[in-house]
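What follows is a set of notes on a single structure, which appears directly below.
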Amino acid sequence: MGEMFTHRLRVRYSECDQQGLVFNGHYLFYYDVAVTELWREVIGDYTAMVASGYDLVVAEARIRYRQGARFDELLDISLPVAHLGTTSMVVRPEFRVGERLIADGEVRHVFIDPETHRKREMPEAVRSALRPYLAVE
């Protein structure tokens, strides 16, 4: 198991549904916030990467809901990197409130050329920066 990046956020009232639980669609938004913070901390300025000819898109996403997080709870989003491929990477997010597993899943990202939208090989600087966070290869 490699290093683990975790981002914490507090559930806001407006993110909850009539059942008092976080509306399911927010979990991918939470994931995106956490990945942005991972990128900022580990790799650097995302816009600089795009300016150098690389962008990252979600090709596939799956979330399995276990329990619901509630208003004002602290939600930890852990981002184990499961795979670093030639043009793609897979992250298996885990959403927890304390020890309670709220949701987990798998998100596959593909590197592309921002001009042509064609797949590109992952930049070596990104691969090197993410390698310590690789859970399994």
Side-chain angles (χ1 to χ4, degrees):
M1 185 75 143
E3 293 181 39
M4 182 67 67
F5 179 86
T6 301
H7 180 69
R8 175 174 279 177
L9 56 83
R10 187 175 298 278
V11 174
R12 293 166 289 239
Y13 180 79
S14 64
E15 297 163 343
C16 296
D17 60 20
Q18 289 182 340
Q19 297 159 336
L21 304 173
V22 170
F23 176 69
N24 64 69
H26 288 299
Y27 287 95
L28 284 174
F29 174 75
Y30 292 162
Y31 169 79
D32 191 60
V33 169
V35 164
T36 299
E37 293 306 319
L38 167 69
W39 218 263
R40 186 182 330 277
E41 184 173 309
V42 174
I43 295 160
D45 183 12
Y46 190 88
T47 56
M49 183 183 77
V50 174
S52 71
Y54 294 90
D55 202 353
L56 191 63
V57 296
V58 172
E60 189 174 1
R62 177 183 56 78
I63 301 291
R64 180 177 30 228
Y65 304 99
R66 310 276 189 155
Q67 296 183 31
R70 296 182 177 278
F71 166 65
D72 214 31
E73 289 185 318
L74 292 173
L75 184 65
D76 290 322
I77 303 122
S78 298
L79 301 176
V81 177
H83 177 72
L84 295 173
T86 303
T87 61
S88 67
M89 61 183 256
V90 175
V91 179
R92 292 197 177 122
E94 294 180 357
F95 303 82
R96 293 182 183 275
V97 172
E99 295 298 314
R100 287 188 300 136
L101 179 61
I102 302 299
D104 60 0
E106 184 171 283
V107 182
R108 184 171 56 90
H109 298 267
V110 175
F111 288 86
I112 64 165
D113 180 311
E115 296 288 324
T116 66
H117 299 280
R118 291 191 174 147
K119 286 198 284 188
R120 289 201 70 177
E121 192 167 319
M122 181 186 307
E124 187 52 43
V126 171
R127 180 181 305 283
S128 296
L130 291 175
R131 193 171 283 123
Y133 297 88
L134 193 58
V136 284
E137 181 74 17

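It should be emphasised that the depicted structure is a prediction, and the values quoted were computed from it without experimental measurement. For reference, positions follow the sequence shown, starting with 1.
- A donor-acceptor pair shorter than 3.5 Å can be found between the side chains of Y46 and D55.
- Of all non-hydrogen atoms in H83 and L134, the two that sit nearest each other are N-CD1, 3.8 Å.
- Residues V90 and V110 do not share a hydrophobic cluster, defined by chaining ILVMFWY side chains whose heavy atoms lie under 4.5 Å apart.
- For W39 against V126, the heavy-atom pair with the smallest separation is CH2-CG1, 3.8 Å.
- Using a 4.5 Å heavy-atom threshold, the side chains of Q67 and L101 count as separate.
- In this structure, CG in L75 is found 13.5 Å from CZ in R70, a value given to the nearest 0.5 Å.
- Side-chain contact between Y27 and I102 is present, with heavy atoms from C-beta onward closer than 4.5 Å.
- Taking OH of Y133 as the start and CE of M89 as the end, the distance is 12.0 Å to the nearest 0.5 Å.
- There is a path of hydrophobic side-chain contacts, each under 4.5 Å, that joins V91 to V42.
- Residues P114 and V50 approach most closely at CG-O, 3.7 Å, considering heavy atoms.
- For the atom pair CD1 of I63 and CG of N24, the computed distance is 10.0 Å after rounding to the nearest 0.5 Å.
- A heavy-atom distance below 4.5 Å is found between the side chains of R100 and E73.
- F5 and L84 fall within a single hydrophobic cluster, where Ile, Leu, Val, Met, Phe, Trp and Tyr are joined by side-chain heavy atoms under 4.5 Å apart, directly or via other members.
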Name each donor-acceptor pair under 3.5 Å that joins a side chain in residues 29-38 to protein atoms two or more places apart or in another chain, with its distance.
from	atom 1	to	atom 2	distance (Å)
Y30	OH	E15	OE1	2.5
Y31	OH	H109	NE2	2.7
T36	OG1	D32	O	2.9
E37	OE1	R40	NE	3.2
E37	OE2	R40	NH2	3.2

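- Not one N or O on the side chain of R62 forms a donor-acceptor pair closer than 3.5 Å with the backbone of G105.
- Atom CZ of F71 is separated from atom OG of S14 by 9.5 Å, given to the nearest 0.5 angstrom.
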Under 3.5 Å, which donor-acceptor pairs do the side chains of residues 115-123 form with other protein atoms, sequence neighbours left out?
from	atom 1	to	atom 2	distance (Å)
T116	OG1	R118	N	3.2
R120	NH1	G53	O	2.7
R120	NH2	Y54	OH	3.2

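- In terms of heavy-atom proximity, L79 sits nearest to P93 at CD2-CB, 4.0 Å.
- Note on L56 and V58: same hydrophobic cluster, where clusters join Ile, Leu, Val, Met, Phe, Trp and Tyr whose side-chain heavy atoms are under 4.5 Å apart, directly or indirectly.
- No more than 12 heavy atoms of other residues, nucleotides or ligands sit less than 6.0 Å from atom CZ of R12.
- Once rounded to the nearest 0.5 Å, the distance linking CZ of F111 with CE of M49 reads 5.5 Å.
- Screening R92, R64, R96 against D104 for a side-chain contact (heavy atoms from CB on, under 4.5 Å) leaves a single residue, R64.
- For the pair D17 and Q19, the tightest heavy-atom approach, listed with the atom from each and the gap, is OD1-N, 2.9 Å.
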Hey, mind stepping through E94 and I77 against side-chain contact (heavy atoms from CB on, under 4.5 Å) and telling me if it holds?
CA-CA 6 Å; E94 294 180 357; I77 303 122; over 6 Å; no

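- Clustering ILVMFWY residues whenever any of their side-chain heavy atoms sit less than 4.5 angstrom apart, transitively, puts Y65 in the very cluster that holds V97.
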